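Source: prediction; values computed, not measured. Both ligands and their constituent atoms are indexed starting at 1 by order of listing. Atom set for the values below is all heavy atoms of this structure, side chains included, hydrogens, waters and symmetry mates excluded. Numbers for residues simply follow the sequence, beginning at 1.
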Amino acid sequence: MSQPIQIHKGLEEIYVKQTRISLIDGKNGKLYYRGYTIEDLVKHSNYEEVAYLLIFGELPTKEKYEKWINDLSRERKLYSGMKIFLQEIPRWNPPIDVLKSSIASLGLWDQNANDLNMDALYYKVVRILAKAPSIVAAWYRVRRGREIIDPRPDLNSAQNFLYMLTGTEPDLEVADMFDKILILHAEHGMNASAFSGMVTISTLADIYSAVSSAINTLKGPLHGGAAGATLQMLREIGSPEKVEEAVKNKLAKKERIMGFGHRVYKTYDPRAKILKEIAGKLATSGEAKQLYETALKVEETCMELLCKTRRICPNVDFFSGVTYLALGLPEDFPPAIFAMSRLAGWIAHIIEYLQQNRLIRPRAQYVGEIDKKYIPLEERG
Ligand code: ACO
């Protein structure tokens, strides 16, 4: 007799590869990139170095680091055709949609886009990592009817992104905090978007297509869209005094508290702890301060109602929306910022999978009818 088919809804607890890229210790609330704790990387490293570490497996030597930084810096400038594209598309489009289409279009500028050889991939990786922040910053300006600013070679990724938004010298302390935000979002194991990128590369499609599959998957509210949804929830609640009643009402109606819960973490997400500190430093006035204080109260209330009892705890998105608001970014920007930093992790997974590639081809159990009689259109009721 054949075994009953087991359906793995949401692929929970299904392992699809072995990895050396990152470890999420969901029980103890720890996250390691290539063996290093994120706390150490946030303290001692920078986004570019972390991206190198994730993609190539080890911290670069001084020589490799300098080449990496120079290569990234040279590739930040947007192609003139890309600038025209950004200036012509309708301005209502959220940055994540603009980023996904623009990254996919990068392949159109690369005549050897399909080359999956490691030497060729190096330059494609540099191109994707370097141009993504420039695309998001350019879109910020185009939507305001302003000129796109060209990158400055003397600035690092975080500083340059802030510079390309405003055209003014970035505040180095703020840029340093933004750099830490990029590190915190750079990688997170076999999540929906990384898997999506892997599925695409498993067909031996090109890396631009694989990365854009990952961005497409990130955009949903249950994944990368949660920072914006959290901000919206905090705005609806309005102020710390209204939190307790609002949260209880939501839970009674079986609504979700945005920025809480995670498939793997069953304790406080370590990234959220660091982001809470950063948000506290940045959100010192105006709406950002008000929403940060509201968030603190939601956190306190839900630690009792959700985290301690049901293991549904703050995730990376809980404080990130407020952080972006404090940085002056519009509310539809968080998924794009998330994507531009997560590129490092996606690329690492795509390359790692490619080295042990097998076409990803799961099955679906058919539960419909068979042998139905075809009824011609004119005879159907
Ligand atoms: N608030 C209230 N209840 C919740 C929440 C939440 N945020 N998250 C899960 N639950 C409850 C569900 O209602 C469900 O309850 P039930 O068993 O009584 O029906 C139970 O917990 C299990 O929920 P699932 O959706 O099956 O759990 P899953 O592991 O798939 O959920 C997810 C993970 C999607 C992140 C979920 O916690 C959620 O929707 N959170 C809010 C959105 C969010 O913050 N997403 C960002 C995730 S982090 C990231 O992707 C970067």
Could you give the side-chain donor-acceptor pairs of residues 73-80 under 3.5 Å, partners two or more places apart or in another chain?
from, atom 1, to, atom 2, distance (Å)
Ser73, OG, Pro153, O, 3.3
Arg74, NH2, Asp71, OD1, 2.6
Glu75, OE1, Lys131, NZ, 2.6
Arg76, NH1, Leu155, O, 3.3

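Within the 4.0 Å cut-off (strictly below), no protein heavy atom is located near atom 19 (O) of ligand 1. Distance check for atom 26 (O) of ligand 1: every protein heavy atom is found at 4.0 Å or beyond. By the definition of a contact as any protein heavy atom under 4.0 Å away, atom 49 (C) of ligand 1 is in contact. Within a 4.0 Å radius of atom 30 (O) of ligand 1, the protein has at least one heavy atom.
A donor-acceptor contact closer than 3.5 angstrom links the side chains of Glu187 and Ser22. Residues His223 and Thr217 have side chains that never bring a donor and an acceptor to within less than 3.5 angstrom of each other.
Shown here is Arg144, whose CZ atom has more than 12 heavy atoms of other residues, nucleotides or ligands within 6.0 Å.
Smallest separation of non-hydrogen atoms from Ala344 and Leu54: CB-CD1, 4.1 Å. Closest approach of Lys297 and Pro240 over heavy atoms only: CG-O, 3.4 Å.
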>> Using the rule given for side-chain hydrogen bond (donor to acceptor under 3.5 Å, both in side chains), can you reason through Asp110 versus Tyr208, listing the C-alpha separation, both sets of side-chain angles and the distance that settles it, and then say yes or no?
In response: CA-CA 10 Å; Asp110 183 352; Tyr208 304 102; 2.6 Å; yes
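Ligand 1 is approached by Arg310 to a heavy-atom distance shorter than 4.0 Å. Heavy atoms of Phe338 come nearer than 4.0 angstrom to ligand 1 in at least one pair.
Distance from atom 28 (P) of ligand 1 to its nearest protein heavy atom, with residue and atom name: Arg263 NE, 3.5 Å. The nearest heavy-atom contact from the protein to atom 13 (O) of ligand 1 is Arg256 NH2, 3.5 Å. Counting only heavy atoms of the protein, atom 43 (C) of ligand 1 lies nearest to Ala226 CB, 3.5 Å. From the protein, the heavy atom lying nearest to atom 47 (C) of ligand 1 is Asn315 ND2, 3.6 Å. For atom 35 (C) of ligand 1, the closest non-hydrogen atom on the protein side is Gly261 O, 3.7 Å. The single protein non-hydrogen atom nearest to atom 40 (N) of ligand 1 is Phe260 O, 2.9 Å, given as residue, atom name and distance. In this structure, the protein non-hydrogen atom closest to atom 4 (C) of ligand 1 is Ile312 CD1, 3.7 Å. In terms of protein heavy atoms, atom 1 (N) of ligand 1 is closest to Ile257 N, 2.9 Å.
A ring pair (Phe, Tyr, Trp, His ring centres under 6.0 Å) with His188 is found for exactly one of Phe195, Tyr265, Tyr33, Trp346, namely Tyr265. The only option from Tyr163, Phe333, Phe161 that meets the ring pair (Phe, Tyr, Trp, His ring centres under 6.0 Å) definition with Tyr140 turns out to be Phe333.
For a threshold of 3.5 Å applied to N or O pairs, the pair formed by His223 and ligand 1 contains at least one separation below that value. The shortest N/O to N/O separation between Gly259 and ligand 1 falls below 3.5 Å. For ligand 1, the polar-atom distance check finds no N/O of Asp317 at less than 3.5 Å from any of the ligand's N/O atoms. Between Gly224 and ligand 1, not a single N/O pair is under 3.5 Å apart.
With contacts defined as side-chain heavy-atom distances shorter than 4.5 Å, the pair Phe319/Tyr292 qualifies.
By the criterion of a heavy-atom distance under 4.0 Å, the side chain of Val316, and not its backbone, is placed next to ligand 1.
Against a heavy-atom cut-off of under 4.0 Å, His262 is close to the following atoms of ligand 1: 37 (O), 48 (S).
The list of side chain to side chain donor-acceptor pair (under 3.5 Å) pairs with a residue in residues 83-109, not counting sequence neighbours, reads Lys83-Asp150, Asp97-Lys100, Asp97-Lys219.
A distance-only check finds no donor-acceptor pair linking the side chain of Ser209 to the backbone of Ala205 [under 3.5 Å].
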